[in-house]
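Just below is one structure, and these are the notes that go with it.
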Amino acid sequence: ARWQAVTASPRSQIGPVAWSKQGQIVAVDGFAPLRCYDATSLELRRLVGPFPYSGYNMTTSGDGESVIWGGRIIRLDDPDSQRLSTLAYLSLSPDGKLLAGQKPDGKLCVQTIDGTEIRSFDRALVVFVSHHDCLLWSSDSRRLCVLDADRTTVSILNLDGTTAASFATGHTSGVIAMSWSTDGTLLATGTSTDSLRLAKVEAVEAKDDDNAAAAGGKLQITALAGPLNFGPISSLAWSPDSQRLAIGTHGNVIFVDRSGKEVARTAGPTDHCFSLAWSPDGREVAAGQKNGLFVWTADGQFARAAYQSNA
């Protein structure tokens, strides 16, 4: 009866989602305006936009005050103060001070929040078909994780322009979703065919004083688990404590531990999950799904849902 009552509402696809520390869930409904919901009640607080639809890549700053989507920087406490960036496919650093994205010539670039360029990389930014999470920041805002041109190799870049590590994931088809754990030690990649792989990220320690400086910016990435077949994957998100990975598939949201072992999955009328965003306390995850905006507990239990009319 509960599900019948919820699904009786008109439905429409939810694309990117983000969860702020101020207790808002931000979601995009098709080509409609940006929608800001109260995270507890899913009551609609405000509409911002509309904007041209720009895929599933939406990020929030570590302080939860700003959201980046569609080349726009939007303050959640003052959405009318939005501004455009010169970069496409934006990703905001966790400290809220830097923007990474694609320059008009296709190259990867890092700017300050006010638009001052601090680093232009001599490499193109490879973008997923969905534009989803093609740029990942380390939690200390000092490194970027990107996909290489072959779409199966990932590289972690230092902001000084050097490469900290490159890693052949082992996927046989192009990666379409990535997530880097908050503690910086685990990297998850997923595809629409051979599913999930996990890799371990470690710092390279200098063996003597002579190579200490050279080793300071280096990392080592090694395969940890996979391929783990959970079906076609469309989104990935590590929990804030880095202990649980949420996997958005074409039929469920699946939760695995740090080893890749399944610990829970959603039940009920789930549908293709395009994007995921954890609550700041790690107890719940918001999912932008083909059949609406859902909130699930970390154990896969239904918490609440919201739909918007297509009319």
Side-chain angles (χ1 to χ4, degrees), residues 13-29 32-49 54-70 72-79 82 90-96 130-133 135-137 139 141 177-183 188 234-248 253-255 264 266 270 273-289 292-308:
Q13 175 177 309
I14 295 292
V17 293
W19 198 315
S20 79
K21 290 184 177 180
Q22 282 79 5
Q24 295 183 78
I25 295 176
V26 185
V28 178
D29 175 12
L34 198 71
R35 299 177 182 272
C36 299
Y37 296 89
D38 179 272
T40 301
S41 65
L42 286 189
E43 177 183 354
L44 185 64
R45 287 185 175 181
R46 64 170 65 93
L47 300 176
V48 186
S54 300
Y56 303 128
N57 188 30
M58 178 186 285
T59 58
T60 56
S61 59
D63 59 12
E65 294 180 352
S66 302
V67 64
I68 304 296
W69 184 70
R72 289 167 172 81
I73 305 164
I74 304 166
R75 294 271 305 182
L76 292 179
D77 59 354
D78 184 15
Q82 61 183 287
L90 287 175
S91 183
L92 185 66
S93 63
D95 63 10
S130 64
H131 307 166
H132 184 278
D133 294 340
L135 272 172
L136 303 178
W137 284 92
S139 59
S141 302
M178 302 192 301
S179 184
W180 194 357
S181 63
T182 302
D183 65 8
S234 50
S235 53
L236 295 168
W238 283 103
S239 60
D241 63 2
S242 303
Q243 296 302 305
R244 190 162 291 198
L245 177 70
I247 307 168
V253 178
I254 300 168
F255 299 88
T266 57
T270 53
C273 179
F274 298 104
S275 56
L276 296 161
W278 284 88
S279 62
D281 62 10
R283 295 180 179 179
E284 296 180 324
V285 64
Q289 299 181 183
L293 171 63
F294 281 71
V295 177
W296 305 94
T297 69
D299 295 322
Q301 300 301 307
F302 171 76
R304 50 201 177 278
Y307 300 109
Q308 301 299 329

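The structure presented is a predicted model; accordingly, all values stated were derived computationally and were not measured.
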Q | Non-neighbouring partners of S242 that pass side-chain contact (heavy atoms from CB on, under 4.5 Å), sequence neighbours left out | A | S181, T182, D183, R258
Q: Would you check if V17 and L276 make a side-chain contact, meaning some heavy-atom pair closer than 4.5 Å?
A: no
Q: Answer whether the closest heavy-atom distance between the side chains of W137 and S91 falls below 4.5 Å.
A: yes
To the nearest 0.5 Å, what is the distance between [atom1] ([X]) and [atom2] ([Y])?
X	Y	atom1	atom2	value
Q289	W296	CD	CH2	6.0 Å
L245	S239	CG	OG	8.0 Å
W180	L236	CH2	CG	15.5 Å
L135	L92	CG	CG	11.5 Å

Backbone N/O of [Y] and side chain of [X]: donor-acceptor pair under 3.5 Å:
X	Y	value
S141	D95	yes
R304	L42	no
T266	V253	yes
S234	G248	yes

**Q.** Listed partners of R45 passing side chain to side chain donor-acceptor pair (under 3.5 Å), at least two apart
**A.** D38
Q. Quick one: do the T297 and D299 side chains pair a donor with an acceptor below 3.5 Å?
A.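 There is no such pair (donor and acceptor under 3.5 Å, judged by atom type) between the side chains of T297 and D299.
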(Q) Just to verify, what does W278 make a ring-ring contact (aromatic ring centres under 6.0 Å, His included) with, not counting sequence neighbours? (A) F255
Minimum heavy-atom separation for [X] to [Y], with atom names?
X	Y	result
P240	S279	CG-O, 3.4 Å
A303	E284	CB-OE2, 3.7 Å
C273	S235	O-OG, 3.4 Å

